[in-house]
Asks: 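Got a structure here, written out as structure tokens. Questions coming.
Counting convention: from 1, in listed order, for ligands and their atoms alike.
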Amino acid sequence: MGLRGYFDEGYSGDGLVGSYLNGVFEERRFPPEWVRGITTRTTTMVNSVDWVYTRLTVDGEQLDLAKSKVTDFSRRLDLKTGILTRAFTWHTASGKTLRIVFSRFVSMDAPHLGCQRVTFEALDFSGPVEVTAGLDFSPIHEDFGKNVWTCPRKGRENGLVAILGQTESSGHRVFSSFRLDFASPIATEFVEDEKLVGLRFALPLRQGEPASFDKIVVNAAEKDRQVATDEVWSRGLALAASYRDVSFDGAKEAHRAYWSNVWETLDVTIDGDPADQQGVRFCIFQLHQTYHGQDPHLNIGAKGLTGEIYWGATFWDTETYCLPFYLFSNPKAAKNLLLFRYLTLPQARERAIEQDCLGACYPFVTIDGTESCRVWQHGNLQVHATAAVAYAVWHYVSVSGDTDLLHREGIEMLLEISRYFASRGGWNSRTGEYGFFGVMGPDEYHMMVHNNCYTNYMVKKVFEQTLAVMEAMGREAPDLLEEAKKKVALDPAEPEAWKVMAEKMRIPLQQGTGIYEQHDGYFDLPHIDLSTLDQFPIYYYWAYDRIFRYDMVKQPDVVLMLFLYSHDFSLEAKRINYEYYVARCIHESSLSPAVHSIVAAEVGNYADAVKYARYGNRLDLDNYNRNTREGLHTTSLSAAWMNVVHGFGGMRSDGDILSFNPSMPGHWRSFSFRILYRGAILEMKVDRESVAVKVLRGPAVPLQLYGREYSVGTEEIRMDLPGERLGEILVRE
Ligand code: BGC
């Protein structure tokens, strides 16, 4: 569950409230296009129940921060405990002064549970505050311009107030219920409206004596239309009843304990720049609360649960940008992200057929595994999204060692993905090379290109890895391999063909300069000097097709390849290609700066590394892109973590063992991070003189530090920071 933009007491001013349950969506259907292959159904995560609904009235005046007189306002999100607290003093029209504090949290310990406490202190009077606490399904979904809920059931049963909402077209149901806890018994009156249920009561206040009430909310989603309404209702009531003994303080303790564990085991510290420190912790906090990793049917939306833009949908961002964070922070979540793709393999198979291909084509945009992107240039041409799934399988298995997943679900995905790419690619009739024609790489400012270097390279690796896994399974798990082959009805000629395709894959590389050409013909494009541009984002100001006519790139493409398969490329190749492409990159995706920062740190361009890391760190806190109203850039928040761990920490996880090549940005005194790796907590500390690494708990970790191999246990290994890994002092602008 996620809430955004809510003043619990209601607000008549400008705002965009959102209450989302991961995976609950509305769908829209479109008539088939006159061309084949464009999706005719889209899904949108939908704004659901306002469960913090609280209306407060004193002497007939309803509190509304857009109209009421208020002083001493503060709103604080405590990252240590996960509690949001808002406090202010209300000066009523009738001359009374009332201090009000709202505290709330969505439990990290019990995913159905939300808790709210409202505390009052009458500063200069004694008398009642009139309260209505409720559950309201009437907020609109801004993008739809309407509300999509009907409420077939509502009522008050066994001390619980409950309501059932049902969406218009998808038929998803959300059960929501609450209970109020008071210090001493208070008479309450049940109130209801078409889409609302609540309890109305008068809370007596005595001057100078704080009084409060707690609201304990239980929400649950049912997406299966076949389940009868009565059944959803009674299951919801039973679930809510199981939380009968939960108190605000008890739930808060369990929630706080979850966060203490997160910070104790996995904090990232930065000494020397409080803004960077706050930024990175904010990002880590958001990632943990966005995806707990308990349910493989759920994934991470590009905006998490914080806004309507991008429809609550999952992109290739999950595998490419988020997975690294979870791999080293929450292995169960990492595994469930992969299982999400396995569970949606049937939809990916159907999508491949829609594209006149074979195997499995994973969607570019999805909530439920189906393609939800009707902008066909992206939805149909960004085939690298499917390669990202295979990359994730390989990355997950090589970091976790979970061969069980590889041998059961992983191999099936790899076979189907390889089969897809073998049917989607083609042979150059002149050179005899294999490649991809009519695609869009990660750089969305060039479409319908041939032989996008990133795509070709990623697919070459997909073929090679699939073949390597088949070979290894032939030795280690022959029965499971046979089972998987049978399941997908593999023809022995297919792996033979993949081998040749991998060998003959076109990787466009300019001889002499060592620059990889982003796609065939890229070097011929008219050059644009980015310093002459001053209108951002460019797609607001330039006609769509004008954007495609230059060598300007939106986000890392070749540079991303150099990071994902870091061990395959020399430092010199990285340096040359970084310098070439950074001069052409406009960073109009929030996914862009982080990867540039990581590669810049590797090649010793510390000024760039710091500049881009700062951007990623505080993107939403400082609203750099002037679009935080649209929601957090959740998938790029993991970039902040990557900038420390992969960037300045220099960690690479694409080799046989973890390798570290730390550097020290000039404006920090020191930094440290901890990662989970195969049952161990590994801590890396870097300051301006030295690098220290040790295992805090668990087995020894084999790793490479500056190219030398160590087995790191609980005894610290410390060495001098090499001079060339120390950045010059930079002053924050
Ligand atoms: C980026 C895509 C990304 C999407 C969602 C776009 O702006 O270009 O690469 O998948 O945002 O984050």
Asks: Looking only at side-chain N and O atoms, does D608 offer a donor or acceptor that is under 3.5 Å from a partner on H596?
Replies: no

Asks: How long is the gap from CZ on F328 to CZ on F673, to the nearest 0.5 Å?
Replies: 10.0 Å

Asks: Could you check atom 12 (O) of ligand 1 against the protein and tell me its nearest heavy-atom contact, residue, atom and distance included?
Replies: D317 OD2, 2.5 Å

Asks: Do me a favour and list the nearest non-hydrogen protein atom to atom 11 (O) of ligand 1 with residue, atom name and distance?
Replies: Y310 OH, 3.0 Å

Asks: Taking atom types as modelled, find out whether N299 and T318 have a side-chain donor-acceptor pair closer than 3.5 angstrom.
Replies: yes

Asks: Judged by modelled atom types alone, do H587 and Q555 share a side-chain donor-acceptor pair under 3.5 Å?
Replies: no

Asks: Do any nitrogen or oxygen atoms of K554 come within less than 3.5 Å of a nitrogen or oxygen of ligand 1?
Replies: yes

Asks: Should you measure from each heavy atom of A302, which atoms of ligand 1 turn up under 4.0 Å away?
Replies: 5 (C), 12 (O)

Asks: Heavy-atom pairs closer than 4.0 Å: do any link ligand 1 to the side chain of Q555, the backbone, both, or neither?
Replies: side chain

Asks: Could you walk me through whether H288 and N330 pass side-chain hydrogen bond (donor to acceptor under 3.5 Å, both in side chains), step by step?
Replies: CA-CA 9 Å; H288 278 288; N330 183 347; 5.1 Å; no

Asks: Which atoms of ligand 1 are found less than 4.0 Å from any heavy atom of L591?
Replies: 3 (C), 9 (O)

Asks: What protein heavy atom is closest to atom 2 (C) of ligand 1, reported as residue, atom name and distance in Å?
Replies: E444 OE2, 3.6 Å

Asks: Could you list the atoms of ligand 1 found under 4.0 angstrom from a heavy atom of W316?
Replies: 2 (C), 3 (C), 9 (O), 10 (O)

Asks: Does either side chain, that of Y615 or that of N643, offer a donor lying less than 3.5 Å from an acceptor on the other one?
Replies: no

